[in-house]
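Chain letters run A, B, ... following the sequence lines, proteins first, then strands; residues in each count from 1. Atom set for the values below is all heavy atoms of this structure, side chains included, hydrogens, waters and symmetry mates excluded.
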There are 2 protein chains.
Amino acid sequence: MSATEQRSAAPQRSTRQRRALAALLNESDDFHSAQEIHEILRERGEAMGIATVYRTLSSMAEAGDVDVLNHSGEAIYRRCSTEHHHHLVCRQCGRTVEIAGPAVERWTQSVSREHGFTDVSHSLELFGLCPVCQQA
Amino acid sequence: MSATEQRSAAPQRSTRQRRALAALLNESDDFHSAQEIHEILRERGEAMGIATVYRTLSSMAEAGDVDVLNHSGEAIYRRCSTEHHHHLVCRQCGRTVEIAGPAVERWTQSVSREHGFTDVSHSLELFGLCPVCQQA
DNA sequence: CTGGGTGCAAACCCTTTGCAATTCG
DNA sequence: CGAATTGCAAAGGGTTTGCACCCAG
């Protein structure tokens, strides 16, 4: 249930910038920071203001179209697959593997309940060295 | 952790500022940002430069004396219990419950191996509403 | 046409750093 | 006394915002 949501608050006009950004995100499975994305687009001749990159990514994130992670103080984005999941990210090249952790979800639930906490969200991310980067 | 490799470990002179900071951390079980800590100390008449707060917290973290978490772009600190564990943090008042998750550790290991990643670290934090804040 | 979208630059926040003044040991 | 430590303020990243201009619908 993600196709169309006629929200009166977000008209989402189609502009050159948004198309370029969406296209870029669709090409990669990996996480990139707003700054990186801005840079890549510029190199391609699809330059746009950094503010626009941030604004667009934010709205996409809010709309649930991209995943956002917080990696040591900076947000990194990635086109999103709908269900809840976690990531195994290469700390060197950004290569990402999507991971489902039903066991973790259950564990989270029980721990929260056990301590009387409600409305609990969890962030679980793995950062390591992917096979390729291990050789370098 | 023997003295063998204590290269960059600072001499750690005892100053009024460090004593105040350490004392504060010992009073609370919860996470606080450097800014909050700076503020609290100032209100107590134990004012010190924000730079000193950061420098001191950093060195304490490096020495393994405090836990550091990254909560949406800002570092939060807490006096530390030595072993590896996770936290269930109240997103309203900062109240924290320490959690051990052997199951999670094992899961992490196997997933990493499965995808050929090495040197994998994981961050798992739970943010929710504690019993007290639920009533407010 | 008209309001959402964009760019630019200034503003913000958190954190770090250069450097002179201070203080512990 | 001398080195470690502090404070201040400026500098540095990342991200957000005010505002005039622009373009998709």
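Nearest to the side-chain atoms of Met48(B) among the listed nucleotides dG7(D), dT16(C), dT15(D) stands dG7(D). Of the candidates dT6(C), dT16(D), dC14(C), dT6(C) carries the atom nearest the Gln17(A) side chain, counting heavy atoms from C-beta on. For Ala75(B), whose side chain is taken as the heavy atoms from C-beta onward, the closest listed nucleotide among dT15(D), dT16(C), dT15(C) is dT15(C).
The distance from atom NE2 of His38(A) to atom P of dG7(C) is 8 Å, rounded to the nearest whole Å. If you take CD of Glu39(B) and P of dC13(C), they are 14 Å apart, rounded to a whole angstrom. Atom P of nucleotide dG3(C) and atom CD of Gln12(A) are separated by 18 Å, given to the nearest angstrom. Between Leu41(A) atom CG and dG7(C) atom C1' the separation is 15 Å, expressed in whole Å. Distance, Leu21(B) CG to dG7(D) P: 11 Å, rounded to whole Å. In this structure, CD of Glu36(A) is placed 15 Å from C1' of dT15(D), rounded to the nearest angstrom. Rounded to whole Å, atom C1' of dG25(C) lies 13 Å from atom CZ of Arg18(B). Rounded to an integer number of Å, the gap from Glu74(B) CD to dT16(C) C1' is 16 Å.
Using a 4.5 Å cut-off on side-chain heavy atoms (C-beta onward), Thr56(B) and Tyr77(B) make no contact.
Judged as a side-chain hydrogen bond (donor to acceptor under 3.5 Å, both in side chains), and not counting sequence neighbours, the contacts of Arg19(B) are Ser14(B). For Phe31(B), the ring pair (Phe, Tyr, Trp, His ring centres under 6.0 Å) criterion is met by His87(B), not counting sequence neighbours. Taking the salt bridge (Lys or Arg N to Asp or Glu O under 4.0 Å) definition, one finds that Arg44(B) meets it with Glu27(B), sequence neighbours left out. Here Phe117(A) pairs with nothing under the ring pair (Phe, Tyr, Trp, His ring centres under 6.0 Å) rule; sequence neighbours left out. Every residue meeting the salt bridge (Lys or Arg N to Asp or Glu O under 4.0 Å) condition with Arg42(A), not counting sequence neighbours, appears here in chain and number order: Glu39(A). By the side-chain hydrogen bond (donor to acceptor under 3.5 Å, both in side chains) test, Glu36(A) pairs with His32(A), sequence neighbours left out. Taking the ring pair (Phe, Tyr, Trp, His ring centres under 6.0 Å) definition, one finds that Phe127(A) meets it with His71(A), sequence neighbours left out. The side-chain hydrogen bond (donor to acceptor under 3.5 Å, both in side chains) check on Asn70(B) picks up nothing, with sequence neighbours excluded.
Note on the helix from dC1(C)-dG25(D) to dG25(C)-dC1(D): angle between the axes of the first and last five pairs equals 30°, rounded to 10 degrees.
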Under-3.5 Å N/O pairs linking protein and nucleotides 20-24 of chain D:
none

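Glu98(B) and His86(B) share no donor-acceptor pair across their side chains, judged by distance under 3.5 Å alone.
Taking every heavy atom of residues 49-57 of chain A and every atom of DNA chain C, pairs under 4.0 Å involve Gly49(A), Ala51(A), Thr52(A), Arg55(A), by number.
Cluster note: Tyr54(A) groups with Ile50(A) through ILVMFWY side-chain heavy atoms spaced under 4.5 Å, whether in direct contact or through intervening members.
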